[in-house]
Amino acid sequence: SIREVEIFNGKISINGRDLLHVIIYDITESTIAIANLAKSEQRFRQLIENAPDGIVVETDGQFAYFNQKAVELFHAESMQELVGTSFIDCFKQHERSRINSLLQELNNGKKTRMLSEETIIRLDGMQVDVELSAVPFRFNEKNGALIYLRDMTERRELEKTREEME
């Protein structure tokens with residue numbers, strides 16, 4: 001069978017004779033493992049990017065990552081428009097200290113999960129009710145939170161229609 005190898009060589013002198021030494025490493029298994037890891041990362045990236053809910057990562061109180069659904073939820077044109085902006089500032093003024101406290105507990109490992117219904121403020125100023133679920137997450141060597149945002153607009157409209165029909 002064909003194997004992947006790395007070859008190292010060099011000149012050595014023994015008893016006045018110049019010799020060539022060669023070291024051959026079989027790297028087949030590590031090459032396969034690296035390829036499998038890359039495939040796994042690609043599948044995971046596709047899963048996150050195509051998720052039906054918004055997914056964001058927060059570190060140091062700022063947004064560090066957005067999937068496409070989250071970009072749409074915040075009514076932004078691109079992820080770059082949002083990365084680096086304050087996570088807390090996307091909530092109503094009177095909710096910010098409570099959200100900040102919960103976020104600090106997540107970031108410091110004092111809390112393992114956060115689940116609540118909140119109202120976010122999109123870039124265009126419109127308010128959107130969301131179900132927010134967050135867990136501690138390490139991103140780019142920083143403690144933070146992995147946050148799932150589910151738009152509650154449709155659910156609320158269905159509930160309202162159902163109530164009106166009763």
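When a residue number appears, it is its place in the shown sequence, counting from 1.
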| query | Who are the salt bridge (charged side-chain N to carboxylate O under 4.0 Å, His left out) partners of Arg3, not counting sequence neighbours? | reply | Asp26
| request: Output the distance between atom CD (Gln93) and atom CD1 (Ile88), rounded to the nearest 0.5 Å. | output: 11.0 Å
| note | Tightest non-hydrogen contact, residues Ala145 and Leu106, listed as CB-CD1, 4.1 Å
| task | Decide whether Phe91 and Ile55 are clustered together by the hydrophobic rule: side chain heavy atoms of Ile, Leu, Val, Met, Phe, Trp, Tyr closer than 4.5 Å, transitively. | result | yes
| Sequence neighbours excluded, which residues qualify as side-chain hydrogen bond (donor to acceptor under 3.5 Å, both in side chains) partners of Ser116? | Glu118
| task | May I ask you to decide if Thr28's main-chain N or O and Glu4's side chain share a donor-acceptor pair within less than 3.5 Å? | result | no
| remark: Residue set satisfying side-chain hydrogen bond (donor to acceptor under 3.5 Å, both in side chains) with Gln46, at least two apart, ordered chain then number -> none
| query | How would you list all residue pairs meeting salt bridge (charged side-chain N to carboxylate O under 4.0 Å, His left out) that involve residues 48-68, not counting sequence neighbours? | reply | Asp53-Arg150, Asp60-Lys142
| message | I'd like to check the salt bridge (charged side-chain N to carboxylate O under 4.0 Å, His left out) partners of Lys92; sequence neighbours left out, ordered by chain and number. | response | none
| message | More than 12 heavy atoms of other residues, nucleotides or ligands under 6.0 Å from CD of Glu29: yes or no? | response | no
| said: Quick check for you: to the nearest 0.5 Å, what is the distance between Arg98 atom CZ and Leu103 atom CG? | reply: 12.0 Å
| said: Hydrophobic cluster membership, with links at side-chain heavy-atom distances under 4.5 Å among I/L/V/M/F/W/Y: are Ile32 and Val5 in one? | reply: no
| Which pair of non-hydrogen atoms, one from Asn67 and one from Ala70, has the smallest distance, and what is that distance? | OD1-N, 2.9 Å
| Atom pair OG1 (Thr59) and CG (Leu146), whose distance is rounded to the nearest 0.5 Å | 12.0 Å
Could you pull out every donor-acceptor pair under 3.5 Å between side chains of residues 125-137 and any protein atom, sequence neighbours left out?
{"unit_1": "Asp129", "atom_1": "OD1", "unit_2": "Thr119", "atom_2": "OG1", "d": "2.8"}
{"unit_1": "Asp129", "atom_1": "OD2", "unit_2": "Arg156", "atom_2": "NH1", "d": "2.8"}
{"unit_1": "Ser133", "atom_1": "OG", "unit_2": "Arg113", "atom_2": "NH2", "d": "3.3"}

| note | Residues at least two apart in sequence or cross-chain that pass side chain to side chain contact (heavy atoms under 4.5 Å, CB included) with Glu81, listed by chain then number, are Ala76, Glu77, Ser78, Leu123
| For Thr153, what residues pass the side-chain hydrogen bond (donor to acceptor under 3.5 Å, both in side chains) criterion, not counting sequence neighbours? | Asp151
| message | For the CD1 atom of Ile147 and the CG atom of Leu149, what is their distance to the nearest 0.5 Å? | response | 7.0 Å
| Apart from Tyr25 itself, what residues make up its hydrophobic cluster when side-chain heavy atoms of I, L, V, M, F, W and Y under 4.5 Å apart count as a link, directly or indirectly? | Phe8, Ile23, Ile27
| message | For the CG atom of Leu115 and the CG atom of Leu102, what is their distance to the nearest 0.5 Å? | response | 11.0 Å
| ring pair (Phe, Tyr, Trp, His ring centres under 6.0 Å) contacts touching residues 55-79 (sequence neighbours left out) | Phe63-Phe66, Phe63-Phe74, Phe63-Phe87, Phe66-Phe74
| query | Cluster question for you: counting only ILVMFWY and a side-chain heavy-atom cut-off of under 4.5 Å, with indirect links fine, are Val71 and Val57 together? | reply | yes
| Side chain of Arg96, backbone of Asp89: donor and acceptor closer than 3.5 Å? | yes
| field | Pairwise side chain to side chain donor-acceptor pair (under 3.5 Å) hits with a residue in residues 30-42, at least two apart | value | Gln42-Arg45
Show the atom names and distances, to 0.1 Å, of all donor-acceptor pairs under 3.5 Å that link a side chain in residues 10-21 to residues at least two apart or in another chain.
{"unit_1": "Ser13", "atom_1": "OG", "unit_2": "Asp18", "atom_2": "OD1", "d": "2.8"}

